[in-house]
Every structure is written in structure tokens, then in C-alpha cells.
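Being a predicted model, the structure only gives us computed values, none of them experimental.
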Amino acid sequence: MKWIDHESYIEIYPPKEFNFEECLIFLGRSNQEVLHQIKEGSLYKLIKVNESLILCKIGSINHSIKVEFPISSPSIDSRKKVAEYIWEWFDLDQELGGFYQLAGQDKVLKTLAHKYYGLRILCIPDLFEALVWAIIGQQINLTFAYTLKKRFVEQYGESLTFEGETFWLFPSFEKIASINADDLRKLQFTNRKAEYIIDIAKAMINGGLTKELLLQKNDYQQIQKSLMMIRGIGAWTADYVMMKCLHQASAFPIADVGLHNALKNLLGLKEKPTIEEIEEYAENWGGWQAYATFYLWRSLYDKKI
DNA sequence: ATCCAGGAACTGT
DNA sequence: ACAGTTCATGGA
């Protein structure tokens, strides 16, 4: 991680292939998002480190990321943790040179890679948040998924109000492990989703499910297998979480409906492609399937036909 | 009203 | 191993 501490603010230096504005477009895709807000080109995000809530104002200057602290500057140790969070959020450990090289010769990715150059996977560094968001998104439309997430966060998350605006933190697994399925049904979660989510929270309380344990496996197949042993996590969810939380560039949620729609629009197909057809398109995406998928998702947000 | 949504578990063969 | 069914509800 490259960063410089200026006490009242910090600066983060991303790798060459980075465009903050492109990332902001993706982050602004839903007007129902509660976990960050975008105002006048700046991104506001509440982060919890060392048991304290820190409001961050994140902007871009001269190819670096500037993080200010509108309420008060945290300790040096906390500032470093904030930098680490943001580094991970924007997937800045990834060197995208290989992806762009491959994309330049790929008929599906060529245009996208050029058009959205510098876009990175916007990650969900917190494992519990990534799992819950994926489960919420299963088999329902995204608008309703955001509604459920908003209710969940506003019911069980911590918050902080500054200058009349309220900023939210995703609920902790400790909190969710202490509620029961009926509580979530009141928010219009289905019984199954409620059970999946609470079971996962309990597994995380026990310490049997952590990001560190998953990353220790350090092998795509092994991680996928461990995730899929958990009730409520199938192939799609496992790949989604590996992509958005575990930084696995080979993760490929091939059954994803958004991916199918993006390919259909982009290629002007009459029907959504089959899995076999997608495998053919993806023949040369080896090692970068997650980025290919993410750029295709991005294309859904400026191509309303 | 009808179809389907950023799926997964369950059931029967 | 594989295919069909059920879960459940809001959005377009």
C-alpha cells in the first residue's frame, strides 16, 4: 500500500490503471444505497476502526486519492487502517496491465476496457457484508434487494449524524447472531434468507468462518468449495464473494443474470446467451474473469435501450 | 395480469 | 448424477 499521512488528511497512491471518477459512477448506481453517499464529486463513507466511527470524505487529486475527516482526525493508527480499508475497497493490490492486454485482443472486452479504463472492482472488504448482500440479491430484482439492505442496515447497523445527514455502518455479525428469523421476516426477508443470514452470523461468532481462514486456502477451487458447504451459498454466491471480498480475479459467477443481460445488450443478441455460449466468449479470459464480469456489469448502467 | 429477478435447497428419479 | 419443483416477493 502506498500512502502518505498528513495528520489532518491522508493521501493514497493507487497503481497506474486507476480512474476515481469511473469508480464513482459504479458506486452511484443506486439511489437507495445507504452505506456511502456521493456529493459534489466526493465520496462519503463511515468506517469503524479501533471501536470508533470515522467519517471519511474521499476525493481525487492529481491521480491520487485524498481522504479527509470532516468530523475529526483520528489517531495515526486509525488513519492507517482507514487507508488500508480504502486500498482494499478499490481493489488497489491488483495490477490491471494483464487484464487490459488480454482485453485489447478480445472481441467482447475490447470496447469495454477502453471505455471504462481505470475502473476497478468495487469490493466489499467485510466478509459478513459481502455474504449477506449476495444472499439478499439471490433471485430478486436489484431494486428490491436495495430496499431490503436499507431496512436491514437501518434496523441493525450503527450510525452517526453529521450536519443533518445520517451515515450508516453495516450491521455486525455479533448483532445479527442475536436475533431470530422472525425479526428479519418483519423486514420482508423470506424465511430462507433469514435463516441463511442468521446461520452465517452464528458461524462467524464461533470463529469457524473468517476471511482469514478462507484466504489461507489460497486456491480458488478450495475457497469455492469451503464457501459452498455453507447452507445458502451456491456457486453464484461463492463466486460473487470471491470476486467482491476475497480479490480472486479468476472468480466467475457465470450463472449471473446481470452478466447474461450485459452480453445480450452488448452483442445485440436476441436471447440471453446460454452457459455454453458464455464459456466460449470467456475462452481467453483466464485469470481475469472477475474483471470481465465487472466491466460487463458496468455496461448495464449506461446502456438503457 | 404476467413474467421474472445479480439462486439455492429440496425432491424424485 | 441429473432434472424438475418449491421457495416467496416486489418491480416493470
### 5' priority, DNA chain B, between A:Ile230 and A:Leu142 [closest heavy atom]
A:Leu142
### Message
Please give me every residue in residues 143-151 of chain A whose heavy atoms get under 4.0 Å of an atom in DNA chain C, ordered by residue number.
### Response
A:Thr143, A:Phe144
### Message
What contact category does A:Ile135 fall into here, base, sugar-phosphate, or nothing, at under 4.0 angstrom with non-hydrogen atoms?
### Response
nothing
### Query
For A:Tyr240, which contact category applies under a 4.0 Å heavy-atom criterion: base, sugar-phosphate, or nothing?
base
If we take the [atom1] atom in both [N] and [M], what is their distance in whole Å?
N: B:dA9; M: C:dG10; atom1: P; answer: 23 Å
N: C:dA8; M: B:dT11; atom1: P; answer: 13 Å
N: B:dC3; M: C:dT5; atom1: P; answer: 16 Å
N: C:dT6; M: B:dC4; atom1: C1'; answer: 16 Å
N: C:dA12; M: B:dA1; atom1: C1'; answer: 12 Å

Could you tell me whether [X] and [Y] have their ring centroids closer than 6.0 angstrom?
X: A:Tyr117; Y: A:Tyr100; result: yes
X: A:Tyr146; Y: A:Trp133; result: yes
X: A:Phe170; Y: A:Tyr156; result: no
X: A:Phe26; Y: A:Phe294; result: yes

### Task
Starting at CD1 of A:Ile65, measure out to OH of A:Tyr13 and round the result to the nearest 0.5 Å.
11.0 Å
### Opening and closing nucleotides of DNA chain B in contact with chain A, under 4.0 Å to non-hydrogen atoms
B:dA5 to B:dC10
Ring-plane angle category for [X] and [Y], please: parallel below 30°, perpendicular beyond 60°, tilted otherwise.
X: A:Phe173; Y: A:Phe128; result: perpendicular
X: A:Tyr9; Y: A:His6; result: parallel
X: A:Phe18; Y: A:Phe90; result: perpendicular
X: A:Tyr240; Y: A:Trp297; result: tilted

### Task
Return yes when atom CD of A:Glu154 has more than 12 non-hydrogen atoms of other residues, nucleotides or ligands closer than 6.0 Å, and no otherwise.
yes
### Query
Looking at A:Tyr44, is A:Lys39 sitting on its ring face, NZ or CZ under 6.0 Å from the six-membered ring centre and within 45 degrees of the normal?
yes
Restricting both atoms to N or O, compile the protein contacts to nucleotides 1-8 of chain C shorter than 3.5 Å, with distance only.
residue, atom, partner, partner atom, Å
C:dA8, OP1, A:Arg192, N, 3.3

